[in-house]
Amino acid sequence: RTHALVERLQGSIDSMDNRRDAVRDEIEQLRSAMTAIGHEQHERTNTLAQTLAKMAEEQKAMVTRVSKLESGLKDLSTSTQQIIGGISQLMSGFALRGSSVNSSQ
């Protein structure tokens with residue numbers, strides 16, 4: 001009778017040992033998975049940081065280009081105003097010559 005009780009207790013102990021080992025294995029698998037997730041998050045963070053840095057550089061280059069374009073447009077506007085002024089002077093000169101030719105006839 002004692003022998004049967006010892007065997008049942010030993011069976012319970014073995015069963016608990018098996019469950020403990022299974023839990024340890026599961027904990028180890030979870031730790032490995034968490035480590036892998038941590039590495040993946042780190043890689044994604046680095047990739048995102050690189051992408052954001054590249055985008056910032058591209059934005060800076062675009063701002064520089066826009067600034068140069070604005071400057072070019074101002075220069076073009078100034079040149080256009082000078083051309084219009086020159087044309088106006090030419091037209092005035094032609095108008096004066098035309099009126100003096102008409103008055104001499």
Item to check | Leu5 and Arg8: CA distance, side-chain angles, deciding distance, side chain to side chain contact (heavy atoms under 4.5 Å, CB included) verdict | outcome: CA-CA 5 Å; Leu5 182 59; Arg8 272 200 294 173; 4.0 Å; yes
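- For the residue pair Glu43 / His39, no side-chain donor-acceptor distance below 3.5 Å is found, with atom types taken as modelled.
- Interatomic distance, Ile27 CD1 to Met34 CE, rounded to the nearest 0.5 Å: 11.5 Å.
- Taking Ile, Leu, Val, Met, Phe, Trp and Tyr as hydrophobic and joining them when side-chain heavy atoms fall under 4.5 Å apart, one finds Met91 in a cluster with Ile83, Ile87.
- With values rounded to the nearest 0.5 angstrom, Glu40 atom CD is found 10.5 Å from Thr45 atom OG1.
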Using a 3.5 Å cut-off and no angle test, enumerate the donor-acceptor pairs between side-chain atoms of residues 48-68 and protein atoms at least two apart in sequence or in another chain.
{"from": "Thr51", "atom 1": "OG1", "to": "Thr47", "atom 2": "O", "distance (Å)": "2.9"}
{"from": "Thr64", "atom 1": "OG1", "to": "Lys60", "atom 2": "O", "distance (Å)": "3.0"}

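- A distance of 11.0 Å separates CD1 in Ile37 from OG in Ser32, rounded to the nearest 0.5 Å.
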Next on the checklist: Set out, in order, the CA-CA distance, both residues' side-chain angles and the distance that settles side chain to side chain donor-acceptor pair (under 3.5 Å) for Asp25 and Gln29, then state yes or no.
Outcome noted: CA-CA 6 Å; Asp25 289 345; Gln29 289 174 1; over 6 Å; no
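- The number of heavy-atom neighbours closer than 6.0 Å to CZ of Arg20, taken from other residues, nucleotides and ligands shown, is above 12.
- Considering CZ of Arg19 and CG of Asp14, their distance stands at 11.5 Å, rounded to 0.5 Å.
- Classification of Glu70 and Lys74 as a salt-bridged pair fails, no side-chain N sitting under 4.0 Å from a carboxylate O.
- When only modelled atom types and interatomic distance are considered, Arg31 and Thr35 share no side-chain donor-acceptor pair under 3.5 Å.
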